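Keep in mind the model is a prediction, meaning the values are calculated, not measured. Note on naming: letters A, B, ... go to the chains in the order of the sequence lines (proteins, then strands), and numbering restarts at 1 for each one.
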Number of protein chains: 2
Amino acid sequence: MSNKISDERKKEIIGGFYELSKQNGLENTSIAKIGKHLGMPPSLIMHYFPTREILISNLISFILEQMLMIYQPMLEELEIQNYADPHTFVDRLFSRDWNLLLDDGVFYSCFSLIFRNKRIKDEYRVLHEKLRENLKAILDRDETLHGKDTELLAEQIFVVVEGAYYYLSMFDDPEVYEEKVTIFKNQVYDLLRKYEVQHL
Amino acid sequence: MSNKISDERKKEIIGGFYELSKQNGLENTSIAKIGKHLGMPPSLIMHYFPTREILISNLISFILEQMLMIYQPMLEELEIQNYADPHTFVDRLFSRDWNLLLDDGVFYSCFSLIFRNKRIKDEYRVLHEKLRENLKAILDRDETLHGKDTELLAEQIFVVVEGAYYYLSMFDDPEVYEEKVTIFKNQVYDLLRKYEVQHL
DNA sequence: GCATAAATTGAACGCTCATTCAATATTATA
DNA sequence: TATAATATTGAATGAGCGTTCAATTTATGC
């Protein structure tokens, strides 16, 4: 029911903003450049996003929505089988799938804004809590983990995943990269195993 | 022997750059603003740092040097006693000490540049490798860990530390913050214990 | 103390920035 | 079809940006 043209244009603009930020960096992407890229005057962009701050705020919402998409295939599986293998999900977290959804450079540029903007910080925190809650939901359906503190386990798994993402982004050599991925993946498997074993 | 005035001025400029970036963000800190802050014309800044890129490059070197200072008190202890308790060091990593040395906002702003600048990426990677090597050196002097893969252990410890730093920066409530710090600290203790136990 | 080099100044450059505004074109409503 | 609302245009604004340069002050070495 809501205004269709308006919504489409907004999506288009945020998409262009994201694309250019990916190429040239967030700090080098001006409203004029977005306009040129999309073939529209800067004034049209400012019609939909009255200030640059609002524009950035919307880019961040877009980015955080993208992040949640890592669960997309998992949720379908959950619906069909009422179960999803935690190990498979961990593999997925460490695969390149996430990079396909979201550019790391843009992500960390936006992340660095949390330190001077409380609203952005809150938005990031909520996203990270959602990521953990979703993992907890997956863990809760695994019977080997029944009765365990899956909230704690999800927290511990994700802190390794996030540390790994951060650290691995410094390595270009695919061989070294894969070697390190294996280490961190095993580190998470150990956590899962530790919880499973306590059950016996 | 080297030029004293020049070196002092350079330090002063980088210091001012860092201070203003802390307050207003890296992307909002211009050469003119640094000049005004330090009471010198922008042309003097450009005399010592011919381009803004070079200025940023030097800021990053400064920041990474600051990070290594987390080891300062530890190295003295190592020299005196030829031993440093790994648990004490882990506590130190999770304390606020690191935040005193370095502002998180500036740190992550600079970090986000690794994705479009290979030289910065390399510099960050080298720093992180140093952090791990230093921890390995501490672990190697602990007899309960003798003969163990301390390189792997250091890697696994730091990935938790780095994930924790990232995630914890989203929490302002001191109570929640402390609760989560405890979780991640225990996670690292578990890693240490796991390696120690295997020894018996 | 004089020559040379280094440090410092201040004015100026062209460019890009986010933002504004009034005018026009398009679409929706009645 | 007339009217109102929305979408789009293009030109203009002043401020701030990184950078250049020639001139001047200060320090250094002989």
In whole Å, what is the span from the CD1 atom of I54(A) to the P atom of dA18(C)?
14 Å
Would you say the side-chain atoms of R92(B) pair up with the backbone N or O of D97(B), donor to acceptor, closer than 3.5 Å?
no
Please list all pairs meeting side chain to side chain donor-acceptor pair (under 3.5 Å) that have one or both residues in residues 55-70 of chain A, counting only residues at least two apart or in different chains.
S57(A)-R119(A), S61(A)-E123(A)
What is the distance, rounded to the nearest whole Å, between atom NZ of K36(A) and atom P of dA18(C)?
13 Å
Hey, does the side chain of R9(A) come within less than 4.0 Å of dT6(D)'s phosphate (OP1/OP2), counting only N and O?
no
Starting at NE2 of H47(B) and ending at C1' of dA23(D), how long is that distance when rounded to a whole Å?
15 Å
Show me the donor-acceptor pairs, under 3.5 Å and distance only, between side chains in residues 13-26 of chain B and residues at least two apart or in other chains.
{"unit_1": "Y18(B)", "atom_1": "OH", "unit_2": "D103(B)", "atom_2": "N", "d": "2.9"}
{"unit_1": "S21(B)", "atom_1": "OG", "unit_2": "F17(B)", "atom_2": "O", "d": "2.8"}

Side-chain donor-acceptor pairs of residues 71-82 of chain B under 3.5 Å, sequence neighbours excluded:
{"unit_1": "Y71(B)", "atom_1": "OH", "unit_2": "L131(B)", "atom_2": "O", "d": "2.3"}
{"unit_1": "N82(B)", "atom_1": "OD1", "unit_2": "R141(B)", "atom_2": "NH1", "d": "2.2"}

Using atom names, set out every protein N or O paired with an N or O of nucleotides 11-18 of chain D below 3.5 Å, distance rounded to 0.1 Å.
{"unit_1": "dC17(D)", "atom_1": "OP1", "unit_2": "S30(B)", "atom_2": "OG", "d": "2.7"}
{"unit_1": "dC17(D)", "atom_1": "OP2", "unit_2": "S30(B)", "atom_2": "OG", "d": "3.3"}
{"unit_1": "dG18(D)", "atom_1": "OP1", "unit_2": "R52(B)", "atom_2": "NH1", "d": "3.1"}
{"unit_1": "dG18(D)", "atom_1": "OP2", "unit_2": "I31(B)", "atom_2": "N", "d": "3.0"}

Ring pair (Phe, Tyr, Trp, His ring centres under 6.0 Å): pairs with one or both residues in residues 95-141 of chain B, sequence neighbours excluded:
Y108(A)-F111(B), Y108(A)-F115(B), F111(A)-Y108(B), F115(A)-Y108(B), Y166(A)-F111(B), Y166(A)-H128(B), W98(B)-Y165(B), F107(B)-Y124(B), F111(B)-F115(B), F111(B)-Y124(B)
Tell me the interatomic distance from L38(A), atom CG, to dT8(D), atom P, rounded to whole angstroms.
12 Å
Can you find a side chain N or O atom of Y48(B) that sits less than 4.0 Å from OP1 or OP2 on dA6(C)?
no
Which residue pairs satisfy the salt bridge (charged side-chain N to carboxylate O under 4.0 Å, His left out) criterion with at least one member in residues 23-47 of chain A, sequence neighbours excluded?
E27(A)-R116(B)
May I have the distance from E8(B) (atom CD) to dT8(C) (atom P), rounded to whole angstrom?
11 Å
Integer-rounded Å distance: dA18(C) C1' and L44(A) CG
15 Å
How close or far is atom C1' of dT20(C) from atom CD1 of I45(A), stated in whole angstroms?
15 Å
Between I13(B) (CD1) and dA7(C) (P), how many Å, whole number?
11 Å
